[in-house]
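Right, one structure below, let's go through it.
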2 protein chains.
Amino acid sequence: MSMERQDLRKAGLKVTLPRLKVLEILEVSDHRHMSAEDVYKALLDTGEEIGLATVYRVLTQFEGAGLVSRLSIDGGHAVFELEDGAHHDHLLCVKCNRIEEFMDEVIEERQHAIAKEKGFQMTEHSLYIYGICKQCQKDNN
Amino acid sequence: MSMERQDLRKAGLKVTLPRLKVLEILEVSDHRHMSAEDVYKALLDTGEEIGLATVYRVLTQFEGAGLVSRLSIDGGHAVFELEDGAHHDHLLCVKCNRIEEFMDEVIEERQHAIAKEKGFQMTEHSLYIYGICKQCQKDNN
DNA sequence: ATGTATGCAAAACATTTGCACCTGG
DNA sequence: CCAGGTGCAAATGTTTTGCATACAT
């Protein structure tokens with residue numbers, strides 16, 4: 001019994017082929033961050049006949065179950081990543097769309113302090129740093 | 001000659017009625033943060049016959065001209081605010097959608113430091129803190 | 001068996017665009 | 001006058017949904 005099956009059961013989700021396959025794609029893909037469309041294409045590449053609507057549904061369920069996190073890049077385009085339990089924020093390359101992760105305790109603390117100052121009971125936060133990655137600076141593209 | 005006319009000319013934009021009206025709405029509205037739809041409805045309320053497509057075009061031009069900034073809230077919904085030259089980030093109430101602003105030097109510095117560490121030439125960043133505002137905690141809604 | 005999940009096509013949503021007409025300078 | 005701006009409707013891109021069928025337990 002593979003780990004993935006247990007993950008799904010634990011999440012209260014029936015173990016179905018589309019769910020297993022989507023999970024597998026997320027695990028084996030070279031890219032840690034994938035859009036629903038990316039996952040859909042990857043499934044087609046492996047010969048799976050799974051509808052795009054199902055990919056969206058499955059990813060949304062996975063998000064609810066805490067198996068993946070959804071990032072909202074520049075308004076109107078979401079990408080998903082396998083949840084590893086460790087909170088982190090993202091750096092995005094505006095040229096090649098590479099996504100890197102980071103975590104900074106100082107920023108985390110300041111955010112809590114600011115919410116408190118403003119009388120907000122903080123629920124979450126989203127931080128994206130945009131820039132040109134090392135590779136793209138070198139390639140000058 | 002009103003201030004708004006000069007703003008538009010300085011931005012290289014012809015002074016047209018739709019542009020003046022949109023700018024006026026942004027200036028006189030109770031809400032500092034408005035979506036294109038909000039602006040459109042406010043225009044209708046004042047009896048102006050301006051198309052939604054034009055509102056989008058005008059707001060996008062204003063953004064390009066530096067007259068307004070566009071915020072991308074939770075992926076797939078943009079709001080605009082008059083640009084006042086002072087950079088700031090946002091706190092959003094998940095209950096009542098109130099938007100508050102803040103600016104934290106420590107966070108700004110850390111972001112630059114992180115980009116540098118990762119070899120990124122930082123172009124911009126977006127930071128949103130979500131939570132429940134003081135009023136909504138009191139009202140318990 | 002039976003309640004869920006899936007596939008497909010259509011709907012929804014925010015935003016953009018093509019094009020004929022109108023307007024500001 | 002004429003480049004640029006506008007209104008309308010249609011197109012866009014992403015995500016969601018309705019419904020009949022298929023599947024997991």
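Note on naming: letters A, B, ... go to the chains in the order of the sequence lines (proteins, then strands), and numbering restarts at 1 for each one.
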Whole angstrom value for the distance that separates C1' of D:dT14 from OH of A:Tyr40: 14 Å
Once you round it to whole Å, what is the distance between C1' of D:dG5 and CG of B:Leu59? 15 Å
Considering only side-chain heavy atoms of B:Thr54, which listed nucleotide, D:dG7, D:dT16, C:dT6, is closest? D:dG7
Can you check whether B:Tyr56 has a side-chain N or O nearer than 4.0 Å to OP1 or OP2 of C:dT15? yes
Could you tell me how far apart A:Leu20 (CG) and C:dT6 (P) are, to the nearest whole angstrom? 10 Å
Would you classify B:Ala36 as touching base, sugar-phosphate or nothing, given that sugar-phosphate means primed atoms plus P, OP1 and OP2, and contacts are heavy atoms under 4.0 Å? nothing
Residue A:Val58, side-chain atoms from C-beta onward, closest of C:dT15, C:dT6, D:dT14: C:dT6
Is the side chain of A:Asp38 donor-acceptor paired with the backbone N or O of A:Ser35 at a distance under 3.5 Å, no angle test? yes
B:Thr123 side chain to A:Tyr130 main-chain N or O, any donor-acceptor pair under 3.5 Å? yes
Nearest nucleotide by nearest heavy atom, which residue falls closer to the 5' end of DNA chain C, A:Gln61 or B:Ala53? A:Gln61
Please check: side-chain N/O of B:Lys118 versus main-chain N/O of A:Lys134, any donor-acceptor pairing under 3.5 Å? no
When the distance from CG of B:Leu8 to C1' of D:dG4 is rounded to whole Å, what number comes out? 14 Å
Quickly work out the B:Arg19 CZ to D:dG7 P distance and round it to whole Å. 11 Å
Pair A:Glu101-A:His33, side-chain donor/acceptor within less than 3.5 Å: yes
Whether B:Gln137 side chain and B:Ile132 backbone form a donor-acceptor pair below 3.5 Å: yes
Net bend of the helix from C:dA1-D:dT25 to C:dG25-D:dC1, end axes of five pairs each, nearest 10 degrees: 30°
Atom pairs under 3.5 Å, N or O on each side, protein against nucleotides 21-25 of chain C: can you list them with distances?
unit_1 : atom_1 : unit_2  : atom_2 : d
C:dG24 : O3'    : B:Val15 : O      : 3.3

What contact category does B:Glu37 fall into here, base, sugar-phosphate, or nothing, at under 4.0 angstrom with non-hydrogen atoms? nothing
Grab the CD1-C1' distance between A:Ile73 and D:dG13 for me, whole Å please. 16 Å
Can you tell me how far the OG atom of A:Ser69 sits from the CG atom of A:Asp84, to the nearest 0.5 Å? 7.5 Å
Where at least one partner belongs to residues 55-66 of chain A, residue pairs that pass side chain to side chain donor-acceptor pair (under 3.5 Å), sequence neighbours excluded: A:Arg19-A:Gln61, A:Thr60-A:Arg70, A:Glu63-A:Arg70
Can you tell me if A:Tyr40 uses its side chain to pair, donor with acceptor, with the backbone of A:Thr54 under 3.5 Å? no
In whole Å, I'd like the distance from the CG atom of A:Leu52 to the P atom of D:dT17. 14 Å
Between B:Glu48 and B:Pro18 (side chain of the first, backbone of the second, donor and acceptor by atom type, cut-off under 3.5 Å), is there such a pair? no
How many Å lie between CZ on B:Phe62 and P on D:dG5, as a whole number? 11 Å
Which part of the nucleic acid, if any, lies within reach of B:Arg57 when heavy atoms closer than 4.0 Å are counted: base, sugar-phosphate only, or nothing? base
Single-linkage hydrophobic cluster, 4.5 Å side-chain cutoff, B:Leu52 and B:Val68 together: yes
